[in-house]
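Note that this is a predicted model, so its numbers are computed, not measured. Order of appearance sets the numbers: ligands from 1, and atoms from 1 within every ligand.
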Amino acid sequence: MMTETVYLNGEFMPLEQARIPVLDRGFIFGDGVYEVIPVYSRHPFRLPEHLARLQHSLDAIRLANPMTDAEWTRLINDLLARHAGEDQSIYLQVTRGVAKRDHAFPRESKPTVFMMSSPLVTPAQDLVDSGVPCITAVDYRWLKCDVKSVSLLGNCLLRQSAAEAGATEVVLFRDGHLTEASASNVFVVRNGKLLSPPKSHLILPGITYDVVLELAAACGVPIELRAIPEREVRSADELWVTSSTKEVLAVVALDGKPVGSGKPGPVFKTVHRAFQEFKRKIMRAAA
Ligand code: PDD
């Protein structure tokens, strides 16, 4: 059994030895951003896109990127080489570092950089085949949901309500329109057309969201990115959630009522198959 190795501020070390000072602004204010990058067959998936989103998040919180993309790539590959799993989930976090507690930014601070790797756990085949239940809630999070911020209290409270209801996710509505879920993007199928909200400050620009749109287009599925009223979600033929860890997963019940036929639908099956094929192609290319 390998001791889990993590990266903290320039060094690799066993997880048990990784420490940050209590005045780190990530701890005190949630002042930081993060990424979750899936690794298939020891190959980080869509790494340039994840690093571009990291840059977007850092720019949004006015924090200089502590590393170049080449340095991030080297470190991520180094971290994953220190773990045995073929499929991993790399978590990285950058905070504004340690400073006397004051809401305004310190004049000078050194960002804290932390990275860890866990086994990538994608949905079991029976969940893919059966689909999952979800609940709904009002999206009461802030208005910068495009920033992958470590300040996730809203998301955690919402996700906990799903967990307590025995649901996989909570589908969110803001001002009567679909936004996303607590840790996933959401897609709707109506009359054979794939719908999702366009990217905006109200949703996280999911890397999986982009992949799903590309694959759906390649499969000839018509796509419409537009505001989706709640009633169109509640009367959808199909509903999906997507994320780096869930990939694409069918939602078959919403607030206890069946979605469409109550089973994963035909458009889901087409795009899910395309996603798995796409992964296999990457694995073959990496081998
Ligand atoms: N969450 N929306 C939210 C609010 C998310 O937290 C996530 C991902 C997504 C999907 O993004 P992507 O396809 O790039 O994973 C959408 C990650 C997995 C997490 O916080 O663990």
Asks: What protein heavy atom sits nearest atom 6 (O) of ligand 1, and how far away is it?
Replies: Ala183 CA, 3.4 Å

Asks: Check which hydrophobic residues are tied to Leu172 through side-chain heavy-atom contacts below 4.5 Å, counting indirect links as well, and list them.
Replies: Ile135, Tyr140, Leu153, Leu157, Leu158, Val170

Asks: So do Val132 and Glu169 actually touch side chain to side chain, heavy atoms under 4.5 Å?
Replies: no

Asks: Considering both backbone and side-chain atoms of Thr242, is one of its nitrogen or oxygen atoms within less than 3.5 Å of a nitrogen or oxygen in ligand 1?
Replies: no

Asks: Can you check side chain to side chain contact (heavy atoms under 4.5 Å, CB included) on Gln276 and Glu247, steps first, answer last?
Replies: CA-CA 9 Å; Gln276 299 310 312; Glu247 299 183 336; 3.0 Å; yes

Asks: Tell me whether the rings of Phe45 and Phe278 are parallel (<30°), tilted (30 to 60°) or perpendicular (>60°).
Replies: perpendicular

Asks: Nearest protein heavy atom to atom 21 (O) of ligand 1, by residue and atom, and its distance?
Replies: Val36 CG2, 3.7 Å

Asks: Answer yes or no: is there a side-chain heavy-atom contact under 4.5 Å between Cys145 and Leu204?
Replies: no

Asks: Which residue and atom name correspond to the protein heavy atom nearest atom 20 (O) of ligand 1, and how close is it?
Replies: Tyr34 OH, 2.6 Å

Asks: Which ligand 1 atoms, with their elements, are less than 4.0 angstrom from a heavy-atom of Ser244?
Replies: 12 (P), 13 (O), 14 (O), 15 (O)

Asks: Mind checking whether Cys145 contacts ligand 1 via backbone (N, CA, C, O), side chain (CB onward), both or neither, at a 4.0 Å heavy-atom cut-off?
Replies: neither

Asks: Considering non-hydrogen atoms of the protein only, which is the closest contact for atom 10 (C) of ligand 1, and what is the distance?
Replies: Asn185 OD1, 3.6 Å

Asks: Please classify the Asn155 to ligand 1 contact at 4.0 Å (heavy-atom distances, strictly less than): side chain, backbone, both or neither.
Replies: side chain

Asks: Scan for salt bridge (charged side-chain N to carboxylate O under 4.0 Å, His left out) pairs involving residues 20-37, sequence neighbours excluded, and state none if there are none.
Replies: Arg25-Asp31, Asp31-Arg96, Glu35-Arg53

Asks: List the closest protein heavy-atom neighbour of atom 13 (O) of ligand 1: residue, atom name, distance to the nearest 0.1 Å.
Replies: Thr208 OG1, 2.5 Å

Asks: Any idea which protein heavy atom is nearest atom 2 (N) of ligand 1, and the distance to it?
Replies: Glu180 OE1, 2.7 Å

Asks: Is it the case that over 12 heavy atoms from other parts of the model lie below 6.0 angstrom from the CD atom of Glu16?
Replies: yes

Asks: Based purely on interatomic distance, does Ile207 place a nitrogen or oxygen under 3.5 Å from a nitrogen or oxygen of ligand 1?
Replies: yes

Asks: Give the residue, atom name and distance (to 0.1 Å) of the protein heavy atom nearest atom 17 (C) of ligand 1.
Replies: Lys148 NZ, 3.4 Å

Asks: Relative to each other, are the rings of Phe187 and Trp240 parallel, tilted or perpendicular (30° and 60° limits)?
Replies: tilted

Asks: Looking only at N/O atoms, are Arg53 and ligand 1 under 3.5 Å apart anywhere?
Replies: yes

Asks: Is there a side-chain contact between Arg141 and Ser149, using heavy atoms and a 4.5 Å cut-off?
Replies: no

Asks: How far is atom 11 (O) of ligand 1 from the closest protein heavy atom, and which atom is that?
Replies: Gly206 CA, 3.5 Å

